[in-house]
Amino acid sequence: MSVDTYWNFCLAHPQYGYYITRDPLGEKGDFTTAPEISQLFGEMIGIWAAGYWQKIGSPGKLHLVECGPGRGTLMADLLRIAKIIPDFLKASRIHLVETSPSLRDKQRTALQDHHITWHNDISTLPDDAPLCIVGNEFLDALPIQQYLCQNGKWYERQIGMDAEGALCFGLGTTPFQTMDIRGDGVLETSPVRERFINDVVHRLKTQSGAALMIDYGHEVPGFGDTFQAVKNHQYCNVLNDCGECDLTSHVDFGRLKTIATDLGAHVVIETQGHFLKRMGIEHRAAQLTKKSDTIAGGLHRLTDDNEMGRLFKVMEIRI
Ligand code: SAH
């Protein structure tokens, strides 16, 4: 089977899928994300969203959407800081795009003081007001396909079984005649991520709005195998323990930017460290450090070049 078919089975199988059956986040889970590290992260996303709302003339209604909200921590932190701009909070209709029933339960608890509408995908979002869409580590959960070049021809990298019945990598039998790409190693594509960005831009064009997607990845396209599995905060073999590990890959922000730009959107990509500092994370941390020492540690992890500050990118899409 193709890598994306395998990926979908492992993460989204209705009975055994990784995200369907558990809450994978936090120290006791398999991996920790920026909103789980510090409240500063969701607060800065809130500053961005409120700033966008003000820039477009403070409309009386705005659909505030989070894709892949995990435990609902980012949205809770965002809404708490939004209290300083009561009209923004009043205008915001909150929508969560989430496929996991167990994580929807966590989100319901984290956001119990707010009226929330859940969606399986963005197609059911209302179209009667501007959109403000955010997503942290959402794109990397969407599947990829891989290709390998052999003797000048590209083949799909697939997953099958060896003589002992264990999963193994192999190549599709028919080369792609039309792939005129020169390179060495593994080429990764993600039609699902591309379709998502395409759909977002079409939505923004019809009802106006902006999107902010944060993930680890690269702006310059490259070759290389970034398909990885994580369990208990450790990397593991992507073919072992199907449905028990998180599967991800680096996001090709350069490609997604090209797609959005070709459709007429304005796209800015910057490092997470740069974005958070631009939103004033250091001032907010200084304000909070008086109350808690963990704030300084969180600021460092989120913004330092050797931590999450450089590898993670923030992509803003506007019309
Ligand atoms: N944003 C959160 C969680 C990241 S994990 C954080 O930063 O902590 C990825 C999230 O995306 C989970 O909530 C997972 O259930 C959700 N998800 C994965 N695939 C999805 C899909 N196809 N549609 C909607 N949500 C999805």
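Side chains included, hydrogens not; waters and symmetry mates left out as well; all remaining heavy atoms used. Order of listing sets the numbers, starting from 1, for every ligand and every atom in it.
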Worksheet item: Any idea which atoms of ligand 1 are less than 4.0 Å away from a heavy-atom of Leu103?
Response: 12 (C), 13 (O), 15 (O)
Discussion item. Is it the case that over 12 heavy atoms from other parts of the model lie below 6.0 angstrom from the CZ atom of Phe31?
Written reply: yes
Discussion item. Can you confirm whether or not the ring centre of Trp53 sits under 6.0 Å from the ring centre of Phe88?
Written reply: yes
Practice prompt. In plain terms, say whether Arg22 and Glu244 are close enough for a salt bridge, that is, a side-chain N and a carboxylate O under 4.0 Å apart.
Written response: yes
Item to complete: May I ask whether Leu142 has any heavy atom positioned less than 4.0 angstrom from an atom of ligand 1?
Response: yes
Worksheet item: Would a 4.5 Å heavy-atom cut-off, applied to side chains only, mark Gln207 and Leu125 as touching?
Response: no
Discussion item. At less than 4.0 angstrom from any non-hydrogen atom of Pro35, what atoms of ligand 1 do you find?
Written reply: 6 (C), 7 (O), 8 (O)
Worksheet entry | Co-membership, hydrophobic cluster, residues Val3 and Val230, 4.5 Å side-chain | yes
Response to the item:
If you scan protein heavy atoms around atom 9 (C) of ligand 1, the nearest is Glu137 O, 3.4 Å
Worksheet item: What residue and atom, counting heavy atoms only, is the protein's closest point to atom 6 (C) of ligand 1, and at what distance?
Response: Thr33 OG1, 3.3 Å
Item to complete: Can you label the angle between the Phe169 ring and the Phe227 ring as parallel, tilted or perpendicular, going by 30° and 60°?
Response: perpendicular
Discussion item. Need the ligand 1 atom indices (1-based, order shown) with element for anything under 4.0 Å from a heavy-atom of Gly70.
Written reply: 2 (C), 3 (C), 13 (O)
Worksheet item: Quick one: does ligand 1 sit under 4.0 Å from the side chain of Leu25, the backbone, both or neither, non-hydrogen atoms only?
Response: side chain
Worksheet item: Strictly by modelled atom types, are Glu36 and Thr73 linked by a side-chain donor-acceptor pair under 3.5 Å?
Response: yes
Worksheet item: What about Glu36: any of its N or O atoms under 3.5 Å from an N or O on ligand 1?
Response: no
Fill in: Best match, Thr32, Thr99, Asp215: closest heavy atom to atom 25 (N) of ligand 1
Thr99
Discussion item. Tell me the protein heavy atom at minimum distance from atom 2 (C) of ligand 1, and give that distance in Å.
Written reply: Gly68 O, 3.3 Å
Worksheet, complete the sentence: Of Arg104, His119, Gln107, the one forming a side-chain hydrogen bond (donor to acceptor under 3.5 Å, both in side chains) with Glu98 is Gln107
Item to complete: Do me a favour and list the nearest non-hydrogen protein atom to atom 18 (C) of ligand 1 with residue, atom name and distance?
Response: Ala141 CB, 3.8 Å
Discussion item. Are there over 12 heavy-atom neighbours, none belonging to His114, within less than 6.0 Å of that residue's NE2?
Written reply: yes
Worksheet item: Does Leu74 reach ligand 1, in the sense of a heavy atom lying below 4.0 Å from it?
Response: no
Item to complete: State whether the shortest distance between N or O atoms of Glu98 and N or O atoms of ligand 1 falls below 3.5 angstrom.
Response: yes
Worksheet item: Which protein non-hydrogen atom lies closest to atom 5 (S) of ligand 1, naming both residue and atom, and how far is it?
Response: Tyr19 OH, 3.5 Å
Worksheet entry | Which residue and heavy atom of the protein sit nearest atom 7 (O) of ligand 1, plus the separation | Asn136 ND2, 2.8 Å
Worksheet entry | Contact atoms of ligand 1, heavy-atom distance to Ser100 under 4.0 Å | 15 (O)
Fill in: Within 6.0 Å of CD in Glu27, more than 12 heavy atoms from elsewhere
no
